[in-house]
Amino acid sequence: MTDAEGRQSVLVVEDEESYQDALAVGLAAEGFVVIGARTLGDARDILVRVTPDIILLDLMLPDGSGVDFCREVFHSTRIPVIMVTARTSEVDVVLGLEIGAADYVTKPYRLRELVARIRAILRRPATTAEDDVITFGDVRMDFVRRSVTRAGHEIELSRKEFDLLALFATHLGQVVTREVCLDTLWWGMQLSDTRTLDTHVKRLRQKIELDPTRPRHLVTIRGVGFRLDA
Ligand code: CA
């Protein structure tokens with residue numbers, strides 16, 4: 001829910017005071033309305049009264065696990081959730097669970113990275129239960145399970161490859177510029193250095209295209225970016 005000044009709101013569910021304080025200041029400076037909750041109980045009370053645009057959710061909270069709360073939010077409201085984990089190893093555990101988180105960050109994260117991820121998620125079209133799966137050709141992308149299959153066979157994608165394909169899939173038939181790709185997935189990388197992006201696109205083509213040298217789905221729009229066609 002944007003406020004009268006058009007600002008979007010972030011519910012920060014976090015029990016560490018230093019993070020709450022830094023985010024209250026940092027996110028407000030970036031133009032967001034920040035609502036703080038220190039426990040899951042607080043967060044549930046707040047959600048009865050207000051509908052934030054996005055939730056930043058710590059994994060370990062005094063009265064329970066962020067994992068269960070994330071599932072709850074996903075099934076009841078579809079407000080996008082960014083899960084916050086204390087260690088990278090926890091991300092892999094959380095990724096293995098089907099909890100419907102929109103994204104993940106690991107502490108300590110940079111505010112700039114977090115804001116980039118928040119903006120990227122808020123740019124995505126709002127999802128409904130029908131959007132859990134997007135198909136193009138014989139490729140099926142399941143956002144809840146974070147899995148991709150081609151002709152019924154599971155395709156192994158790295159986290160970045162999945163996120164890049166998700167960016168294209170949520171803009172099916174639309175051009176996604178190189179700038180948006182870099183902004184969304186490689187924060188702060190220069191537009192001139194697009195080798196990493198090209199490598200990822202190449203790898204995605206090898207995995208989803210019948211003939212990667214003549215892509216039918218993931219096409220290059222010369223000088224602009226890429227477009228995923230159904
Ligand atoms: Ca915590």
Side-chain angles (χ1 to χ4, degrees), residues 1-74 76-91 93-95 99-127 159-160 163 166-167 179-191:
M1 257 184 336
T2 47
D3 69 0
E5 282 144 58
R7 290 179 303 175
Q8 292 180 299
S9 52
V10 184
L11 171 60
V12 177
V13 190
E14 170 65 70
D15 58 322
E16 269 179 71
E17 206 149 329
S18 58
Y19 273 89
Q20 271 289 0
D21 294 348
L23 289 169
V25 174
L27 290 176
E30 291 289 333
F32 293 101
V33 174
V34 184
I35 310 158
R38 307 213 172 221
T39 63
L40 293 177
D42 286 352
R44 287 193 183 95
D45 288 345
I46 289 166
L47 286 182
V48 172
R49 293 179 282 111
V50 293
T51 307
D53 292 288
I54 192 162
I55 300 172
L56 187 64
L57 177 61
D58 190 34
L59 184 65
M60 305 286 274
L61 290 148
D63 55 346
S65 159
V67 164
D68 301 321
F69 187 69
C70 183
R71 270 203 194 98
E72 234 174 270
V73 168
F74 181 77
S76 59
T77 69
R78 295 275 157 160
I79 299 167
V81 173
I82 298 182
M83 286 294 302
V84 180
T85 65
R87 290 187 303 276
T88 312
S89 58
E90 287 176 352
V91 174
V93 173
V94 173
L95 274 174
I99 60 170
D103 206 348
Y104 307 84
V105 289
T106 303
K107 285 176 180 173
Y109 49 82
R110 289 176 305 152
L111 183 69
R112 188 177 171 191
E113 174 191 340
L114 179 67
V115 169
R117 285 174 184 245
I118 289 176
R119 295 224 161 99
I121 292 166
L122 293 177
R123 266 203 303 262
R124 288 181 198 166
T127 61
R159 189 182 171 198
K160 276 272 197 262
D163 290 344
L167 176 65
E179 202 166 10
V180 167
C181 293
L182 292 178
D183 258 13
T184 309
L185 277 98
W186 291 277
W187 321 280
M189 195 180 275
Q190 293 302 311
L191 198 56

Side-chain touch [X]/[Y], heavy atoms, less than 4.5 angstrom:
| X | Y | value |
| --- | --- | --- |
| Val33 | Asp53 | no |
| Tyr109 | Val84 | yes |
| Ser9 | Ile35 | yes |
| Val12 | Val34 | yes |
| Ile54 | Ile82 | yes |

Residue pair Leu27, Ile118: steps toward the side chain to side chain contact (heavy atoms under 4.5 Å, CB included) verdict
CA-CA 10 Å; Leu27 290 176; Ile118 289 176; 4.0 Å; yes
Looking at every heavy atom in both Ile121 and Pro80, which two are closest together, and how far apart are they?
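Between these two residues, the closest heavy atoms are CG2-CB, 3.5 Å.
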For Asp163, give me all partners under salt bridge (charged side-chain N to carboxylate O under 4.0 Å, His left out), at least two apart in sequence or on another chain.
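By the salt bridge (charged side-chain N to carboxylate O under 4.0 Å, His left out) rule, Asp163 matches Arg146.
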If the condition is salt bridge (charged side-chain N to carboxylate O under 4.0 Å, His left out), which residues does Asp21 pass it with, not counting sequence neighbours?
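Applying salt bridge (charged side-chain N to carboxylate O under 4.0 Å, His left out) to Asp21 gives none.
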Please confirm whether the backbone N or O of Asp15 pairs with a side-chain atom of Gln20, one donor and one acceptor, at under 3.5 Å?
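Judged by distance alone, no pair lies under 3.5 Å.
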In this structure, which one of Arg112, Arg7, Arg119 forms a salt bridge (charged side-chain N to carboxylate O under 4.0 Å, His left out) with Glu30?
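That would be Arg119; it is the only one of Arg112, Arg7, Arg119 passing the salt bridge (charged side-chain N to carboxylate O under 4.0 Å, His left out) with Glu30.
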Step by step, would you call Val13 with Ile55 a side chain to side chain contact (heavy atoms under 4.5 Å, CB included)?
CA-CA 7 Å; Val13 190; Ile55 300 172; 4.0 Å; yes
Could you list the donor-acceptor pairs under 3.5 angstrom formed by side chains in residues 58-70, with sequence neighbours left out?
{"unit_1": "Asp58", "atom_1": "OD1", "unit_2": "Lys107", "atom_2": "NZ", "d": "3.3"}
{"unit_1": "Asp63", "atom_1": "OD1", "unit_2": "Leu40", "atom_2": "N", "d": "2.9"}
{"unit_1": "Asp63", "atom_1": "OD2", "unit_2": "Leu40", "atom_2": "N", "d": "3.2"}
{"unit_1": "Asp63", "atom_1": "OD2", "unit_2": "Gly41", "atom_2": "N", "d": "2.9"}
{"unit_1": "Ser65", "atom_1": "OG", "unit_2": "Val67", "atom_2": "N", "d": "3.0"}

Using a strict 4.0 Å threshold on nitrogen-to-oxygen distance, state whether Glu16 and Arg38 make a salt bridge.
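No, Glu16 and Arg38 are not salt-bridged.
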Please determine if Asp103 and Arg117 form a salt bridge, counting it only when a charged side-chain N lies under 4.0 Å from a carboxylate O.
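Yes, Asp103 and Arg117 are salt-bridged.
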